[in-house]
Amino acid sequence: MTSSPYTRWTDLADSELTVDNVEGILNTLPDDLWVAAACADRLVDDVFLQQKLLQIGLGRTNSIHERVERLLPTPSDQDSTDEPYSSLTEYFKEVERDGLLCRVRVALLTRLDCLNTYVELCKEAPEEEVEKDDEEEDEEWDDDPWGDGSVKPTISRAPPPFLLSEFLSNDLLHSACLLAVNQWFDSLRIMFSRHGSTLWPYRFTIFDLIPEHANPADYFTLLPSCDTQEVKPHFESTRSEKDWSESPDVRSALDSASVPSPFTKQPALDPPTDSNALPAPKSAEELSSWYRTRVNHIISTTGMIDSALTLIQHGVSQGIHGLDELGEELSLLSRLVYDSLHGEEAHEDDDWTLARWTAMKPSEVTKAYLAHSTPATVANDISRLVMPYLFVLESRAERAGTPDPSLSERLLHDYILSAPLDLVASIFESSKPTLPFSQRLIKKDDDMVRLALACLYGNDSRDKWPTMSSIFECLPAWEVTSDDEDAADTTVASLGSFVTPTTTRPSCTPSDLLMFFKPLPLSSLSRALDILDVHLESGEILARWSVSAPLRWFLQSNSDPNEQRAWANRMARRAGGSDDQLNTTEDWEWLLQDMLKLSAKADNKLGGAFCLLPRDEVLRIYFSGLLSTGRFDIARHLLKSRNTRLTLTNDVVEDICLSCSREFYDNASSGNYKFGDMKLAYECLSVPPPSGPLVREKEFIEATSRLTSFNITSRPGIPISPIEIRLTKDRLSLVSQVLSSNSDAYKHTEVILDLVHKLGFKDDIVAEVKTLAMLADTALQVEDFTRSYETTQRMIDLVLNLRASSMGSVDDSIREASDVCWIACFQLGRQPEFSDTDKKLSLLGRAIEICPADKLHDVLTAWRRLEQEDIDAREERLSNRHGGAVDSGDNRKRTAAALLNLPESATSSLQERLKSFHMPSPPLLNTPDAAALASRTFKSVTANFPFARGRSQLSHYENDGGRSRSGSRRPGDGEDVSSQASKVFSKGIGWLIGAEEGL
């Protein structure tokens, strides 16, 4: 069964439509309304096919033209009182088919207009590059020798953002928005020109969809302009003449007859119902606000200041009011973003927005313009970036009615005061008085001087002396004569106190200094330049020797000799201790020359950094610094050289050498004078000729070295340091430590005595006596009674000779030596373990001879007891030999002198002392208070002994009938004075020199 043409059409899909089957099917159908409606109902993406459908549909509607035209009213009919539309309306009511054909014709014409618009849009489509492979080229180019096989781009038109069917079915606003989003600005312009009446109320909705990154120059023709209000453009019609079906009469008749549309897909010309529609033109203020909002949105989302500026410039050209100042701001901001930040020099935090820009102060803007300037570019950057900005500020101030002629100058000066010195030097280089006035950045000479003084004295740099000197060289050379030069000097000298930090102003900034220099007259400024010249030269000298100081230091120390002295010491010492240590005599002569230059004054009475120090003091400081480096060979050479400037007397040289040697000594960590600081301390004393003080200091160093070799300690486990040895008030205590910490040291009497002599006791008999007493006590502690007796005898000889040489007068030193001597004799003479009774009696006899009168009875009691023990022992031996008793009294008288073993003169002296001495009765000596009496007596004698207690290796003996320690009795058992004294003295010399134990 063959299907009808109607069925064939309805069964035919849109994708199967072709020009042939469209014509083959529709042309055979007799029903004009059905064919026209079928053409209107079909939407395809092929332009030619869609055009063919519309043409066929419109052809089928031509048949009613004559019928409708006869019923249209004429102008004469419109003047009549009859209803002008009643016949056509009634006709459409009666012949509904023709009304439907009119409806279809209007829709087809509208769609044809959209189709033509689409064709025009595609013609204005943006160009894009399409990659094309070489294989698609003509075969004749296959062997092209210049071909490289790469993909070659070709230029073609981009496809629209929507298909033809979508464009014909969607409303025009939607399509226009898609064109705006995709930046099809030429196509969008065509849509506005062909369908402006429909799109114009939604123009700002479309404009707001244009991407912020799009170049405003590409859509200038779309943007609104202003006269007194927004200018509404004149829109062209899509066709030169309207079709009869589009006449108001026909449309009115169709509406009055309620003729429906015969298809579901309506044309896309009717605008949507939208509250954003603005059919009326905007006011000038509203347009200005829209441009500002658009600019802020562009900058905040993209940061493209140039795009925003382009948009504002276009708005100004279109008569939009209130955009001039915004244009200025954007122009200045664009200079900052695009002219001052260069590639890799721009930082991530340089995210500039209009809000940030407008919130900045003028001084901050100036610094931002020059934030990435270099010494090579800063002058040019000021001219092309900063000066235009400052000119704009001045213009605005004038327009606001508050002119400020000094604004540019003040802001430029503020930047110079805060800029780094290398940039400041470039600015001054571009402001030289020799340059033409128009080219100078700083126009006035006195401003240059004030700024230079403030910048140089206000910075803390210590290593930019060439830069500071280059700034000075740019300043004008004035020859100002002042009637009151002292006043100028006083004014400049007051700078010293001005730059000195205080609690209220911890630091003096360049801005503070500029305020100080502003009121100064030219004479004071000229004098200040002279002083600056001297200070710069001094600063370069100090920097040369690694002791640089900020320039303001020269002002602060101008009237402070202590500060100058401290810096001179630093210069003399650090120069030799720096990384490039001075190794030659010429280097040190150069240093001396510079130090003397800093202490001298020029013809203009201006002095250098050490101008308050006398020449001799500078020489002393220099020589001390030389010695502190350990270059003693150079020091000797300079002292002996005939051409040297180091003119110091021998006494001064000796004093400096002693001082430096002691400094080395105090800083030494080891006492060995063969290496380290102690070696330097020793060798430093060989620089000047030998003298008594130098020899004594050398001997003291040798003694220190020997003391540390004995490994004595200042605290448990910590070896004694040289500085502790020097600070020890009683140096004999050090000898005591040597004896107590070294078991065999007491055997080397001469070594110990030599150590004592080198410790500063060379001619001190009392110190020698005390040393011998310590040696004897140490020997006693280890029960070396022979060596202890020999040492005691040597001490006795010293004391007796000392007493003999005093010619009967007794001073404190003789008394002190005597006390030490008799106590040592009494100590050893009372030792029970010492078995040589004759020697013990001799020692006790010497003790009786030397001791004070108030101590004689105690010593004599001990001597008598020892004598009695010896006599009893002799009698016992004689009795055993002769078999009978011997008269003890006669024997005692016969042998007394022999037992004392004293010289005849000493015996005579002792006899005289015994005759004149009245001893208490024996019962008194045997009382319990006798022990306490002896204790108090010997404590008072030995309380001030300077040496410390030695080791006590012996136990205490109590002499009671010759019994040993195991058989001793307690003191409370009625023991006599002799027994109590034996127990006291058996503790050794250590008790005598202040040990906590004892009596």
How many angstroms lie between [atom1] in [X] and [atom2] in [Y], if you round to the nearest 0.5 Å?
X      : Y      : atom1 : atom2 : value
Leu772 : Thr749 : CG    : OG1   : 7.5 Å
Arg574 : Trp567 : CZ    : CH2   : 8.0 Å
Phe632 : Leu685 : CZ    : CG    : 8.5 Å
Thr708 : Ile725 : OG1   : CD1   : 6.0 Å
Arg662 : Arg726 : CZ    : CZ    : 6.0 Å
Ile765 : Ile814 : CD1   : CD1   : 10.5 Å

If you apply the rule side chain to side chain contact (heavy atoms under 4.5 Å, CB included), what do you find for Met595 with Ile621, and how did you get there? CA-CA 10 Å; Met595 292 187 68; Ile621 292 173; 4.2 Å; yes
Do the side chains of [Y] and [X] get nearer than 4.5 Å, heavy atoms only?
X      : Y      : answer
Asn672 : Met678 : no
Leu648 : Ile656 : yes
Val782 : Tyr746 : yes
Trp588 : Leu591 : yes
Gln831 : Glu783 : no
Lys855 : Phe826 : no
Leu800 : Ile850 : yes
Leu627 : Cys657 : yes

Report yes or no: do [X] and [Y] form a side-chain donor-acceptor pair below 3.5 Å?
X      : Y      : answer
Gln793 : Asp797 : no
Lys698 : Ser686 : yes
Asp811 : Ser813 : yes
Asp777 : Gln781 : yes

What I want to find out is whether [X] reaches [Y] closely enough, with some N-O distance under 4.0 Å, to be called a salt bridge.
X      : Y      : result
Glu750 : Arg794 : yes
Asp744 : Lys747 : yes
Glu869 : Lys840 : no
Arg620 : Glu617 : no

Under 3.5 Å, is there a donor-acceptor pair between the side chain of [X] and the main chain of [Y]?
X      : Y      : result
Asp836 : Lys839 : yes
Thr713 : Pro719 : no
Ser641 : His637 : no
Ser788 : Asp784 : no
Thr644 : Leu638 : yes
Tyr665 : Pro722 : yes
Asp655 : Asp651 : no
Ser705 : Ile701 : no
Thr778 : Met774 : yes
Thr791 : Arg787 : yes

Provide the closest heavy-atom pair for [X] versus [Y] in the form atom of the first, atom of the second, distance.
X      : Y      : result
Ile796 : Cys825 : CD1-SG, 3.4 Å
Leu759 : Phe700 : CD2-CE1, 4.1 Å
Arg706 : Phe710 : O-CD1, 3.1 Å
Ala635 : Phe623 : CB-CE1, 3.8 Å
Pro688 : Val653 : CB-CG1, 3.9 Å
Asn667 : Asp677 : O-OD2, 3.5 Å

Evaluate the salt bridge (Lys or Arg N to Asp or Glu O under 4.0 Å) criterion for residues Asp633 and Arg636: first the C-alpha distance (whole Å), next the side-chain angles of each, then the deciding distance (0.1 Å), finally the verdict. CA-CA 5 Å; Asp633 52 340; Arg636 282 189 287 267; 5.9 Å; no
Mind telling me whether Phe834 and Tyr789 have parallel, tilted or perpendicular rings, with 30° and 60° as the class edges? tilted
Classify the angle between the aromatic ring planes of Tyr682 and Tyr673 as parallel (below 30°), tilted (30 to 60°) or perpendicular (above 60°). tilted
Would Gln868 and Asp872 satisfy side chain to side chain donor-acceptor pair (under 3.5 Å), going step by step from the backbone distance to the final call? CA-CA 6 Å; Gln868 182 61 48; Asp872 291 344; 2.6 Å; yes
Intermediate values then yes/no, side chain to side chain contact (heavy atoms under 4.5 Å, CB included), Arg715 and Glu724: CA-CA 11 Å; Arg715 293 179 297 279; Glu724 289 176 315; 3.6 Å; yes
Could you go through Glu849 and Arg803, starting from their C-alpha distance and side-chain angles, then the distance that decides it, and tell me whether this counts as salt bridge (Lys or Arg N to Asp or Glu O under 4.0 Å)? CA-CA 12 Å; Glu849 178 184 5; Arg803 292 165 66 92; over 6 Å; no
Take atom CG of Asp763 as the centre, draw a 6.0 Å sphere, and report whether it contains more than 12 heavy atoms from other residues, nucleotides or ligands. no
Determine, stepwise, if the pair Arg645 / Glu589 fulfils side chain to side chain contact (heavy atoms under 4.5 Å, CB included). CA-CA 8 Å; Arg645 302 184 183 201; Glu589 289 177 343; over 6 Å; no
Would Asp754 and Lys758 satisfy salt bridge (Lys or Arg N to Asp or Glu O under 4.0 Å), going step by step from the backbone distance to the final call? CA-CA 6 Å; Asp754 182 64; Lys758 290 183 177 180; 3.6 Å; yes
I need the single residue from Asp764, Leu734, Val751, Val735 that forms a side-chain contact (heavy atoms from CB on, under 4.5 Å) with Val756. Which is it? Val735
Yes or no on side chain to side chain contact (heavy atoms under 4.5 Å, CB included) for Leu612 and Asp560, after CA distance, side-chain angles and deciding distance? CA-CA 8 Å; Leu612 300 180; Asp560 189 350; 5.6 Å; no
